[in-house]
Structures are given as structure tokens and as C-alpha cells.
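Structure first, commentary second.
When reading the values below, keep in mind they use all heavy atoms of this one structure, side chains included, and skip hydrogens, waters and symmetry mates. Note that the structure is predicted; figures quoted are calculated from it, not measured.
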Amino acid sequence: MNAISPDLTRALSSTGSEAAQALPSSLFGLPEQPAHERVLLAADPLSGLKAIIAVHSTARGPAFGGCRLWTYDSELAALNDALRLSQGMSLKNALADLPFGGGKAVIIKPVGDFDRAALFAAFGRAVQSLAGAYITAEDVGTTTADMRGMQAETSYVSGIPRDGAFGGDPSPKTAYGVFVSIDEGVRRVLGRSSLEGVRVAIQGLGAVGWHLAEYLHVAGAELLVADIDNAKLARAQAQFGARIVDVQQIIAADAEVLAPCALGAALNAHSVPQIRARLIAGAANNQLATAADGDALHARGISYLPDYLVNAGGIISVAREYRGEGSESAVMAEVGRIRERVAELLDRVATQGLTPARAADEWARSKLVKPA
Ligand code: NAI
């Protein structure tokens with residue numbers, strides 16, 4: 001079984017000089033619990049590429065996970081992101097019953113103007129150098145065009161629009177998985193028979209958050225939305241009758257459901273005591289800043305549906321596309337099965353007396369083995 005060592009997690013969970021001072025005693029984790037199978041640092045001076053590819057586990061198959069292009073406070077913060085995200089992919093792919101392990105890549109966004117095509121060509125060569133141990137796709141900051149551009153350098157890439165076939169942008173599929181999770185949670189946790197009139201607060205109206213808002217609006221939910229982009233807020237107000245909430249206030253919004261769909265660590269020691277929602281389910285990866293925050297939510301009677309369970313729609317889509325399997329309706333049906341897993345998790349929580357976060361973790365880790 002693989003897991004990032006607590007030592008390493010603690011040391012890398014801060015950024016900048018603080019992290020540099022708190023170097024872990026071993027980057028390799030514990031002998032019986034290795035942190036990651038391999039981590040590649042790829043640099044290309046011509047294009048300005050500085051990338052980290054973290055392969056957490058290939059126990060179930062090649063490591064599959066997206067590539068993030070982002071501005072980080074420090075290189076250690078980027079490494080931390082890659083390590084945490086790749087571990088999350090192992091759990092996500094295992095719970096989704098995909099024949100893939102977990103990996104993730106992070107490209108540190110070059111400062112100033114840069115040649116995007118050259119950057120992704122260099123990244124494609126780095127992916128190719130791993131000879132299939134890692135397969136990439138979109139994540140925050142990267143596009144279907146970036147994936148298509150990389151095809152000249154590597155075949156280990158997915159999330160590419162293919163004429164006449166299904167595939168491409170995974171975000172709508174991710175949104176559908178989050179939607180069915182919220183719908184199931186609302187029935188089971190809130191005891192409501194539908195989403196009609198249920199107030200849902202969405203943090204982040206990006207590629208996933210926007211599609212989620214569409215699904216929820218059609219189902220009759222009342223939306224409260226926050227984003228740093230005012231144009232998206234205006235559109236949501238006009239199109240869905242959504243109520244705009246300040247980005248600082250959305251966590252504490254007067255809603256029954258909270259859907260974090262921006263970046264990670266939205267659920268932390270500062271925010272958890274303020275939350276008024278009884279159910280949390282959203283797309284953002286690594287929503288819990290620490291495991292203790294999951295315990296604190298549970299203690300407050302708030303049901304948190306783990307991110308890697310509910311946001312697996314995108315990886316289900318790109319995995320099918322990569323394997324050349326199925327159709328749009330087949331992938332939607334498979335994404336829809338996330339509802340059954342949410343129901344099973346809530347059953348496990350009830351019988352095992354664990355928090356949803358810990359029950360999901362245990363369940364996923366039991367599946368970090370080669371599928372039969
Ligand atoms: P995106 O970049 O399209 O959207 C993020 C949105 O959050 C943007 O509209 C941005 O303006 C907004 N935002 C940023 N900071 C904010 C803040 N402080 N408060 C409120 N809004 C803020 O990203 P995307 O693709 O929608 O992904 C969202 C999250 O879901 C990310 O954490 C991503 O890793 C995760 N995810 C995405 C998948 C996908 O298929 N796109 C799959 C699985 C996870």
C-alpha cells in the first residue's frame with residue numbers, strides 16, 4: 001500500500017520559506033509505506049518548462065491523472081501539490097474501479113510571456129520519457145488544445161476532442177458526477193425527496209462549477225454563487241437567478257449544501273466552524289486541508305462527501321476515451337454510478353461509525369491492488 005508519509009505531508013503542507021525550513025526526515029516515506037513510486041522533475045530551458053510528474057501508485061495499472069499549470073509561491077509548494085494530487089488520483093481511480101493507478105503533473109507557470117506550444121511539447125517529451133507509467137490529461141490551467149498539441153510528442157495523453165467520437169473536455173462529466181452525488185446526499189442526509197427548493201452554495205463557477213450550476217438549476221435548486229470573476233457571476237444571476245455571495249462569505253452561506261468547486265483546502269480550521277450547510281459535495285481536489293478537518297466536520301454533524309469519490313466523472317471520461325471504449329451515453333451511465341458509491345459510503349459510515357472521509361479512505365486503500 002502506498003501513502004504519503006505524515007512527515008512529508010506536514011513538511012510540505014506549508015509553502016515558501018516555512019516549508020524550506022521544515023524539510024522532512026525522509027522524502028521516501030516509511031519503509032512499509034513508501035510515499036510515491038517515482039517523482040520526475042523535468043526542466044527545459046528553451047521553453048521554460050519546470051514540471052513535476054508524481055507517480056503515486058501503479059498497483060492498479062498505469063498512473064492516470066491530469067496536468068495542472070499554475071503559479072506557485074515556491075517550488076516546494078508545487079511539489080506538495082503534485083504529491084497530494086497524485087495520491088488523491090490513486091484513491092479516486094481505485095474507488096471508480098478504473099484499471100489505472102494514480103499520478104498527477106504540475107507545471108510551474110513561467111513568469112511573463114511564454115510559448116505555450118513549446119511548453120507543452122517539452123512537457124509531452126517528459127511524459128513520453130516515462131514510457132507509459134504516467135498518462136496525462138487536463139486539469140486546472142490546461143486545455144483540450146494543450147492536450148492535442150502534445151500528441152506529436154507522446155501517445156500517453158487523453159482528453160482530446162476527437163471528431164465524430166466522444167471525448168475531450170472532461171469538465172461536464174465531472175459536473176454530472178458531482179450533481180448525482182449532491183442529489184443522493186440530499187435524499188439520504190437531508191431527507192428531502194428532490195432538489196426542488198434546496199439551497200446550494202457553489203464556490204467557483206469554472207468549467208465544472210458552471211455545468212454543475214446548470215444541472216442544479218434544471219433540478220429546481222436555489223443557487224448561491226461566488227467567484228473572483230464578476231462576468232461569470234453576472235451570467236449566473238441572469239441565467240439561473242443565482243444569488244451572488246462574496247468570495248469570503250460563500251463558505252458560511254445560508255445554504256443546505258456547499259459545493260467547493262475552486263481550488264483545494266477550502267475546508268480548514270478557519271472555515272469549518274463557519275459552515276452552515278449540512279452536506280458538502282464539490283469538484284475541487286483536496287478540499288480538506290488536513291484529516292482533522294474531516295473529523296471536525298463530522299463532529300459538527302456535517303456530512304462531507306469526499307472529493308475523490310464525487311469528482312471522478314472526468315477521469316472516468318478520459319480513461320474511457322484513452323482506452324477507445326464506448327460512447328457518450330455509456331460514459332454518462334458509468335459516471336452516474338457515482339450515485340451508488342455515495343449510497344454505499346453512507347451505508348459504511350452508518351455501520352462502521354467512521355467519518356465519511358475516513359471510511360472512503362479505508363475503502364479506496366483496500367482497492368489499491370491490481371484489479372482481478
Ligand atoms: P476552473 O479553473 O475552470 O474553475 C475554477 C473557478 O474557480 C474559476 O471560475 C475561478 O475564477 C474560481 N475561483 C478561483 N478562486 C476562487 C475563490 N477564492 N473563490 C471563488 N471562486 C474562485 O477549474 P475547473 O476545471 O472547474 O476545476 C475546479 C476544481 O475541480 C479544481 O480543484 C480541479 O482540480 C477540480 N477537478 C476538476 C475536474 C475537471 O474535469 N475539470 C476533474 C476533477 C477535479
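- Under the 4.5 Å side-chain heavy-atom criterion for ILVMFWY residues, no single connected hydrophobic cluster contains both L345 and I302.
- Aromatic ring centres of Y156 and Y134 lie farther apart than the 6.0 Å criterion allows.
- Distance alone, capped at 3.5 Å, is enough to place a donor-acceptor pair between the R300 side chain and the P273 backbone.
- Checked for salt-bridge contact, E334 and R337 miss the test: no charged N lies under 4.0 Å from a carboxylate O.
- Distance check, rounded to the nearest 0.5 Å: CG of L223 to CD1 of I244 gives 12.0 Å.
- With hydrogens and angles ignored, the 3.5 Å screen pairs no side-chain donor or acceptor of R187 with any backbone N or O of S194.
- Salt bridge R188/D347: present, at least one basic N to carboxylate O contact under 4.0 Å.
- For NZ of K232, the number of neighbouring non-hydrogen atoms (other residues, nucleotides, ligands) closer than 6.0 Å is greater than 12.
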Under the side-chain contact (heavy atoms from CB on, under 4.5 Å) rule, what do K109 and W70 come out as? Steps first, then yes or no, please.
-> CA-CA 5 Å; K109 195 169 184 177; W70 196 248; 5.9 Å; no

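- Note on I160: it clusters hydrophobically with I316, by side-chain heavy-atom contacts below 4.5 Å among ILVMFWY residues.
- In summary, the aromatic rings of W210 and Y215 are positioned with their centroids too far apart to meet the 6.0 Å limit.
- Nearest heavy-atom pair across A63 and S57 is CB-O, 4.0 Å.
- Taking all atoms of both residues into account, the shortest heavy-atom contact from A54 to A82 is CB-O, 3.6 Å.
- In this structure, D183 CG and L195 CG are separated by 4.5 Å, a value rounded to the nearest 0.5 Å.
- In this structure a side-chain-to-backbone donor-acceptor pair under 3.5 Å is present from R278 to V189.
- Side chain of E325 to main chain of E321: no donor-acceptor pair is present (N/O by atom type, distance under 3.5 Å, no hydrogens or angles).
- Nearest heavy-atom pair, Q248 versus D246, reported as atom, atom and distance to 0.1 Å: N-OD2, 2.8 Å.
- Placement of F123 and I108 in two distinct hydrophobic clusters is found when ILVMFWY residues are connected by side-chain heavy-atom separations under 4.5 Å, directly or transitively.
- Here the straight-line distance linking atom CG of L190 with atom CG of L279 works out to 5.5 Å at 0.5 Å rounding.
- The pair E153-R125 counts as a salt bridge, with a side-chain nitrogen and a carboxylate oxygen less than 4.0 angstrom apart.
- Using modelled atom types and a 3.5 Å distance limit, the side chains of E37 and T58 yield a donor-acceptor pair.
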Could you give me the CA-CA distance, side-chain angles and deciding distance for F64 and V318, then say whether side-chain contact (heavy atoms from CB on, under 4.5 Å) is met?
-> CA-CA 9 Å; F64 206 147; V318 293; 3.9 Å; yes

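- A salt bridge does not link E256 to R276: none of the charged nitrogens lies less than 4.0 Å from a carboxylate oxygen.
- In the model, D139 has no side-chain atom that pairs as donor or acceptor with a side-chain atom of T142 under 3.5 Å.
- Test T136, D146, V157 against C67 for side-chain contact (heavy atoms from CB on, under 4.5 Å) and you get one pass: T136.
- Remark: I202 CD1 to I182 CD1 distance equals 7.0 Å, nearest 0.5 Å.
- The side-chain contact (heavy atoms from CB on, under 4.5 Å) test with K104 is passed by exactly one of M89, H56, Q87: M89.
- With a 4.5 Å cut-off on side-chain heavy atoms, I315 and L98 count as touching.
- Among all heavy-atom pairs drawn from T154 and G124, the shortest one is CB-O, 3.5 Å.
- At least one side-chain heavy atom of V39 sits less than 4.5 Å from a side-chain heavy atom of H36.
- No side-chain donor-acceptor contact under 3.5 Å links H211 and S171.
- The pair D307-K92 fails the salt-bridge criterion, with no side-chain N (NZ, NE, NH1 or NH2) lying under 4.0 Å from an Asp/Glu carboxylate O.
- Side-chain contact between D229 and L205 is absent, with no heavy-atom pair separated by less than 4.5 Å.
- You'll find the side chain of S158 stays beyond 4.5 Å of the side chain of M147, heavy atoms only.
- Relative to the ring axis of W363, R341 does not place its NZ or CZ within 45° and under 6.0 Å from the centre.
- Linking ILVMFWY side-chain heavy atoms closer than 4.5 Å, directly or via other members, places F179 and L309 in a single hydrophobic cluster.
- Side-chain atoms of T355 and L297, non-hydrogen and from C-beta on, never get closer than 4.5 Å to each other.
- A donor-acceptor pair under 3.5 Å is formed between the side chain of T174 and the backbone N or O of P170.
- Residues T144 and G159 come closest through the heavy atom pair CG2-O, 3.6 Å.
- Contact check on E344 versus R348 returns a salt bridge, with a Lys/Arg side-chain nitrogen under 4.0 Å from an Asp/Glu carboxylate oxygen.
- E328 has its side chain within reach of K173: a pair of non-hydrogen atoms, C-beta onward, lies under 4.5 Å apart.
- Criterion: ILVMFWY side-chain heavy atoms under 4.5 Å apart, direct or through other members. Under it, V218 and L212 are not part of a common hydrophobic cluster.
- Looking only at side-chain heavy atoms (C-beta outward), V55 and L40 stay at 4.5 Å or farther from each other.
- By the 6.0 Å contact criterion, CD on E214 is enclosed, its count of non-hydrogen atoms from other residues, nucleotides or ligands being greater than 12.
- Here the CD1 atom belonging to I52 is positioned 8.5 Å from the CG atom belonging to D81, to the nearest 0.5 angstrom.
- Looking only at side-chain heavy atoms (C-beta outward), Y304 and Q287 come within less than 4.5 Å of each other.
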Please report the C-alpha distance between I280 and V257 in whole Å, then the side-chain angles of each, then the deciding distance to 0.1 Å, and finally whether the side-chain contact (heavy atoms from CB on, under 4.5 Å) criterion is met.
-> CA-CA 6 Å; I280 302 176; V257 183; over 6 Å; no

Given the rule in the side-chain contact (heavy atoms from CB on, under 4.5 Å) test, do D227 and V247 qualify, once you have shown the distances and angles that lead to the verdict?
-> CA-CA 6 Å; D227 201 297; V247 286; 5.7 Å; no

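- Taking every heavy atom of both residues into account, R192 and E196 meet most closely at NH2-O, 3.4 Å.
- Rounded to the nearest 0.5 angstrom, S303 OG and L346 CG are separated by 6.5 Å.
- In this model, no donor atom of one side chain and acceptor atom of the other lie less than 3.5 Å apart for Y308 and N285.
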Take D295 and R358, measure what salt bridge (Lys or Arg N to Asp or Glu O under 4.0 Å) needs, and give me the verdict at the end.
-> CA-CA 9 Å; D295 298 340; R358 292 189 187 275; 2.8 Å; yes

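- Salt bridge status for D97 with K367: present, with a side-chain N to carboxylate O gap under 4.0 Å.
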